[in-house]
Amino acid sequence: MSERYNAPATEAKWQQYWQQNQTFKAVTDTSRPKYYALSMLPYPSGRIHMGHVRNYTLGDVVARYKRAMGFNVLHPMGWDAFGLPAENAARGNKTHPATWTYSNIKVMKAELQSMGLSLDWDRELATCDASYYKHQQKLFLDFLKAGLVYRKEAWANWDPVDNTVLANEQVIEGRGWRSGALVEKRLLSQWFLNITSYSEDLLQSLKTLDRWPDKVRLMQENWIGKSEGAYVNFAVAGKSEKVEVFTTRPDTLFGASFVAISANHPLAKKLAEKDETLAAFCAECNRTGTSIVDIEKGEKKGFDTGTRVVHPFDSSWTLPVFVANFVLVEYGTGAIFGCPAHDQRDLDFARKYNLPVKAVVLPEGENAATFAVGDVAYTGDGKAFNSQFLDGLGTVEALKAAIKKIEELGAGKGTVQYRLRDWCVSRQRYWGCPIPIIHCEHCGAVPVPEKDLPVALPEDITLDKAGNPLDHHPTWKHVTCPQCGKPAVRETDTCDTFVDSSWYYARYCSATCEDKPVDPKDVDYWLPVDQYVGGVEHAILHLLYARFFARAMKATGHLKIDEPFVGLFTQGMVCHESYKDETGAWLYPEEVKRNPDGSGVHAQTGRPVTIGRIEVMSKSKKNVVDPGKIIKLYGADTARLFMLSDSPPERDIEWSEAGVEGSWRFIGRLWRLLDKVAAPTNEKDSADKALALRQMIHRTIADFTGDIERFHFNRAVARAREMTNALESFEGDAAALREGVETLVRLLNPMLPHITEEIWQQLGHATPLVQGTWPKADPALLVESTTTIAVQVNGKLRATITIPKEAPPKAIEEAALAEAGVKRAMEGKAVKKIIVVPNKIVNIVVTG
RNA sequence: GCGGGCGUGGCGGAAUCGGUAGACGCAACGGACUUAAAAUCCGUUGGGCGUAAGCCCGUGGGGGUUCAAGUCCCCCCGCCCGCACCA
């Protein structure tokens with residue numbers, strides 16, 4: 001009897017082996033087929049969390065599987081190391097953001113290494129390292145030269161007490177999170193990346209990403225938000241000015257009852273100068289946060305400016321102009337016309353301010369004389385009516401005719417509009433990549449010469465003062481202009497951290513290249529990423545920005561590809577029950593003891609505990625389980641197996657102690673198979689049994705492989721369990737048993753890399769599994785001679801029959817009719833029809 | 001608000017194409033081994049009726065298409081995620 005499986009010792013042994021032999025070192029080798037498996041890089045927040053364990057387990061299974069399939073695999077890891085939390089931690093703990101970040105990286109790297117991931121650590125990068133952001137600054141300057149970067153005024157959340165710019169998450173119910181002051185919007189001159197110049201390409205190219213989840217492609221499509229419509233000018237009555245609106249429904253112009261403009265529209269500003277009430281209203285609009293949720297969820301409010309505009313199709317018809325809090329200056333022209341009958345928001349607005357509601361699109365089956373709009377707008381297609389020259393046209397034709405007329409009248413033109421906005425990359429913060437620009441009074445914004453890169457962050461900063469430390473640093477920003485040599489100042493904005501993570505996948509390919517961001521000989525071999533794995537929360541922004549960066553890097557000669565990730569998998573989140581004590585304070589799972597009846601008490605005090613919902617693990621709710629503890633207690637293989645069992649990877653998973661125990665038990669059962677191989681019960685040697693087992697083995701190889709290919713890891717685990725059950729109860733041929741156990745550990749190796757290596761070695765193999773190949777199913781063992789099919793009478797199951805696979809329909813029918821259960825169900829009834837689907841089902845339809 | 005997703009036993013889930021609903025696991029219960037416990041092993045386990053054979057019901061709710069619906073269509077309910085300065 002062998003000893004109980006010693007996970008810590010075995011895992012340490014193999015991790016050491018992999019490290020010493022540089023097993024996972026990837027080398028550019030154009031003679032071999034490559035496979036780039038990438039998991040999203042973590043933010044070094046302190047310790048790894050279960051979401052990381054899940055993400056990196058999934059990625060590692062792919063990497064190890066592809067390696068066994070014979071690919072030259074690149075599987076790197078790094079750190080998304082700039083960002084707000086480091087500054088917050090620094091303010092709270094009086095540690096420098098760099099100290100905090102690098103010590104977190106050290107801890108988290110050790111934790112990741114204990115997971116047994118097949119990573120090439122030689123390519124590790126941290127985005128906060130000057131050796132990384134130096135190249136990012138170079139890319140920024142290249143983009144600037146290529147016309148992909150520009151500067152314009154944009155709104156930011158402004159805390160008037162702390163005198164600082166706030167992130168959306170720092171604005172809580174309209175107030176600054178620290179000061180509690182009402183947050184204002186303030187215009188700042190900021191840097192933008194011209195992502196909208198690729199709007200159409202980013203949209204069209206989604207169609208080629210057939211290995212992306214449909215939902216992510218759909219989300220991106222909606223985000224880009226292409227809409228066809230028209231710009232239409234409404235002349236201000238009695239003035240030479242005009243208000244240009246954008247509309248997707250010019251066919252409903254005859255139903256217009258007002259024009260609404262943004263509080264930041266030039267006309268609104270001009271009118272507000274002479275109208276204090278309007279100015280106050282505009283100021284109120286500007287207090288709501290910059291996020292769309294605030295705008296859309298908040299009450300729709302308007303202010304009648306008293307100004308009227310002339311309808312483009314009828315000079316005798318004028319409409320009121322409102323300033324409205326739901327019109328965004330950034331989108332379209334910052335002005336809309338309202339057609340209450342055919343737009344819900346316009347309808348709500350019209351009812352609130354007693355504006356006319358005139359229907360101009362008649363739904364099919366409705367009568368023009370009686371059709372009226374109540375509280376629900378009609379937004380569908382129909383026939384135009386009450387619309388002069390458009391009357392009788394369908395919506396599509398009416399759209400075309402309306403645009404044609406607008407263009408004839410010189411009142412506007414047909415256009416395509418995208419919801420996508422240019423990407424504001426300026427952040428008024430310290431812990432980010434400095435934007436390599438020098439502002440000179442005489443020369444304007446001057447790029448930092450490449451020889452002066454990197455523009456490094458100063459280390460001696462003060463974070464206890466409000467505002468941007470780069471701005472109030474005594475010396476850092478004061479430089480001379482590279483062009484005229486006169487005194488000038490550095491740009492003190494740093495980059496949005498999404499910039500850092502928009503090209504790291506390319507940098508990994510030539511991680512140590514010093515003189516340029518990427519080396520063509522590396523990126524041209526490794527890119528694109530074959531399989532990218534990460535959280536669905538990045539479905540829009542990160543992935544869109546990275547797609548843009550690939551295009552921009554192509555335009556500036558760094559890459560040859562458009563699409564960085566040809567395969568994408570988005571995993572679900574890790575959830576856990578949450579707990580609160582009597583005072584409403586959150587409790588950690590280990591502080592709670594569960595009673596048999598399901599109720600919970602505090603483990604130490606015995607006081608009652610409220611068991612809350614199962615929700616995404618988060619530090620704020622304390623419903624977290626530390627992966628480090630789990631790995632110490634059960635080993636990495638158990639943690640990995642838990643992550644792969646039961647739940648499909650794209651869905652949310654609930655962490656449970658019982659589930660971990662179950663995974664741990666399976667590890668024990670695998671280990672005990674060694675005893676079984678060592679002491680085979682060979683005497684009852686039956687050829688039939690051996691054949692049946694071998695058929696099962698090879699069926700499992702085929703199905704398991706298919707499941708891995710399709711990311712159905714939970715099903716693959718279930719099949720491995722079924723095979724384990726079969727091997728445990730198998731009595732007979734020793735060779736077949738050995739074949740089964742060896743196949744099982746080869747299949748499970750990408751999931752459970754440590755124990756499978758150990759079993760493989762104990763079975764007497766000198767070459768480790770990691771150098772081995774993937775099992776192949778023997779086609780001869782996959783064919784089955786008989787099949788079991790269901791027999792239904794009127795759609796209800798009455799019997800099953802087992803018959804030869806190629807049995808003719810006639811024979812299947814006869815066998816079905818001969819079944820006792822079938823006869824009973826058919827008693828006294830006449831056969832109407834018999835449906836025979838070979839290998840599947842027989843359905844006998846009877847009367848009565 | 002807009003956009004996206006999900007809903008199947010006590011629980012996580014399985015069901016490749018519309019064709020045997022509940023694979024596999026967890027939990028629970030019963031048993032074996034043990035002085036005992038742990039570990040391990042064996043068995044039972046969707047609900048209802050029935051001594052049994054068997055029958056009926058059942059995939060969030062309602063309707064529809066079909067010989068046949070968890071799967072397709074329409075309506076409704078509930079939950080979750082994203083919304084551009086969190087990453």
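Each chain gets a letter, A, B and so on, in the order its sequence line appears, and its residues count up from 1. This structure is a prediction, so every number in the text was calculated from the model and none was measured.
For A:Lys840 and B:U71, the NZ to P distance is 17 Å, given to the nearest whole Å. Residue A:Asn794 contributes atom CG, which lies 16 Å from atom C1' of B:A69 at whole-angstrom precision. If you measure from atom CG of A:Asn222 to atom P of B:A84, you get 16 Å, rounded to the nearest angstrom. Rounded to whole Å, the distance from CG on A:Leu193 to P on B:C85 is 12 Å. In this structure, A:Glu650 atom CD and B:G12 atom C1' are separated by 14 Å, rounded to whole Å. Look at CE on A:Met219: it is 14 Å from C1' on B:C2, rounded to the nearest Å.
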Legend entry - Secondary structure string for RNA chain B (Watson-Crick or G-U under 3.5 angstrom, | for other-strand pairs): (((((((..(((......[....))).(((((.......))))).((((....))))..(((((..]....))))))))))))....
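Residues A:Asn714 and A:Leu644 are not in side-chain contact: their nearest non-hydrogen atoms beyond the backbone lie 4.5 Å or more apart.
Side chain to side chain, A:Ser501 and A:Asp80 fail the donor-acceptor criterion of an N or O pair below 3.5 Å.
Proximity of a side-chain donor or acceptor of A:Arg798 to a complementary backbone N or O of A:Gly821 within less than 3.5 Å is not detected.
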Inset, instruction - Go through the steps to decide whether A:Tyr634 and A:Phe642 satisfy the test ring-ring contact (aromatic ring centres under 6.0 Å, His included), and finish with yes or no. - result: CA-CA 11 Å; A:Tyr634 297 98; A:Phe642 178 86; 9.9 Å; no
Legend entry - From CA spacing to verdict: side chain to side chain contact (heavy atoms under 4.5 Å, CB included), A:Phe713, A:Asp707: CA-CA 6 Å; A:Phe713 298 141; A:Asp707 286 337; over 6 Å; no
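Classification of A:Arg91 and A:Glu87 as a salt-bridged pair holds, one side-chain N sitting under 4.0 Å from a carboxylate O. With respect to the salt-bridge test (charged N to carboxylate O, under 4.0 angstrom), the residues A:Arg351 and A:Asp348 do not qualify. In summary, A:Glu728 and A:Arg669 engage in a salt bridge, as defined by a charged side-chain N under 4.0 Å from a carboxylate O. Salt-bridge check for A:Asp493 with A:Arg427: failed, with every basic side-chain N at 4.0 Å or more from each acidic carboxylate O. Note on A:Asp703 versus A:Arg699: salt bridge recorded, some NZ/NE/NH1/NH2 to OD/OE distance being below 4.0 Å.
Among the protein residues, A:Pro648 comes within range of the sugar-phosphate backbone only, with heavy atoms under 4.0 Å from sugar or phosphate atoms but none that close to a base. Counting non-hydrogen atoms under 4.0 angstrom, A:His542 reaches nothing in the nucleic acid. Looking at heavy-atom distances under 4.0 Å, A:Leu166 makes contact with a base. When heavy atoms are screened at a 4.0 angstrom cut-off, A:Glu709 is found touching no nucleic acid atom at all. Here A:Ile834 lies out of heavy-atom contact (under 4.0 Å) with every strand. Counting any heavy atom pair closer than 4.0 Å across all strands shown, A:Ile835 reaches a base atom. Nucleic acid contact class of A:Phe666 (heavy atoms, under 4.0 Å, all strands): none. Among the heavy atoms of the strands lying under 4.0 Å from A:Asp80 are primed sugar atoms or P, OP1, OP2 only; no base atom is included. Across all strands, A:Ser45 comes closer than 4.0 Å to no nucleic acid atom at all (heavy-atom distances). Using a 4.0 Å heavy-atom criterion, one finds that A:Thr497 contacts the sugar-phosphate atoms exclusively.
With P as the reference atom, B:C26 and B:U44 are 16 Å apart, rounded to whole Å. Spacing between B:G9 and B:G82 at atom C1', rounded to whole Å, works out to 33 Å. Here the separation of B:G25 from B:U40, taken at their P atoms, is 14 Å to the nearest Å. On the C1' atoms, B:G18 is 13 Å away from B:C73, given to the nearest whole Å. Comparing the same atom, P, in B:C80 and in B:A32 gives a spacing of 47 Å after rounding to whole Å. On the P atoms, B:A21 is 26 Å away from B:C74, given to the nearest whole Å. Taking atom P in both B:A68 and B:U20, the straight-line distance is 15 Å, to the nearest Å. B:G5 and B:A53: their P atoms are spaced 46 Å apart (whole Å).
Because its glycosidic torsion is within 90° of 0, B:G9 is reported here as syn. Base orientation for B:C75: anti, the chi torsion being more than 90° from 0.
For A:Ala156, whose side chain is taken as the heavy atoms from C-beta onward, the closest listed nucleotide among B:C85, B:A87, B:G4 is B:C85. The side chain of A:Phe498 has B:A87 as its nearest neighbour among B:G5, B:A87, B:G19. Nearest nucleotide to the A:Val165 side chain, out of B:C85, B:G4, B:C67: B:C85. Comparing atom distances between the A:Gln792 side chain and each of B:A21, B:G5, B:C81 picks out B:A21 as nearest. Side chain of A:Gln190, nearest nucleotide from B:G19, B:U20, B:C85: B:C85. Distance from the side chain of A:Trp223 is smallest for B:A84 among the nucleotides B:A84, B:G13, B:A87. Set against B:A87, B:G13, B:G19, the side chain of A:Asp496 has B:A87 as its closest nucleotide.
One finds no side-chain N or O of A:Arg421 lying less than 4.0 angstrom from the OP1 or OP2 phosphate oxygen of B:A84. Remark: A:Asn843 is not in phosphate contact with B:G19, judged by side-chain N or O atoms under 4.0 Å from OP1 or OP2. Under 4.0 angstrom from either OP1 or OP2 of B:C81 there lies no side-chain N or O belonging to A:Arg651.
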Which pairs, protein N/O on one side and nucleotides 53-60 of chain B N/O on the other, fall under 3.5 Å?
{"unit_1": "B:G54", "atom_1": "O3'", "unit_2": "A:Arg824", "atom_2": "NH1", "d": "3.3"}
{"unit_1": "B:C55", "atom_1": "OP1", "unit_2": "A:Arg798", "atom_2": "NH1", "d": "3.3"}
{"unit_1": "B:C56", "atom_1": "OP1", "unit_2": "A:Arg798", "atom_2": "NH2", "d": "3.3"}
{"unit_1": "B:C56", "atom_1": "OP2", "unit_2": "A:Arg798", "atom_2": "NH1", "d": "3.2"}
{"unit_1": "B:C57", "atom_1": "OP2", "unit_2": "A:Lys796", "atom_2": "NZ", "d": "3.3"}

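A:Phe666 carries A:Arg721 over the face of its six-membered ring, with the cationic atom under 6.0 Å from the centre and within 45° of the normal. At least one cation-pi condition fails for A:Arg186 and A:Trp155: the charged atom is not both under 6.0 angstrom from the six-membered ring centre and inside a 45 degree cone around its axis.
Across all their heavy atoms, A:Val499 and A:Gln136 have their closest contact at CG1-NE2, 3.3 Å. Listed here is the closest heavy atom pair of A:Ala86 and A:Tyr43: N-OH, 3.2 Å. Residue A:Ile801 comes nearest to A:Ala816 through the heavy atom pair CD1-N, 4.0 Å, listed as atom of the first residue, atom of the second, then distance.
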Legend entry - Letter per nucleotide, 5' to 3', of nucleotides 24-29 of chain B [B base touched, S only sugar-phosphate touched, - untouched; heavy atoms, 4.0 Å]: SSSS--
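If you find the closest nucleotide of RNA chain B to A:Asp214 and to A:Ile653, the one lying nearer the 5' end belongs to A:Asp214. The 5' end of RNA chain B is approached more closely, in terms of each residue's nearest nucleotide, by A:Val216 than by the other of A:Val216 and A:Tyr545.
With respect to A:Phe569, the ring pair (Phe, Tyr, Trp, His ring centres under 6.0 Å) criterion is satisfied by exactly one of A:Trp212, A:Tyr532, A:Phe711: A:Phe711.
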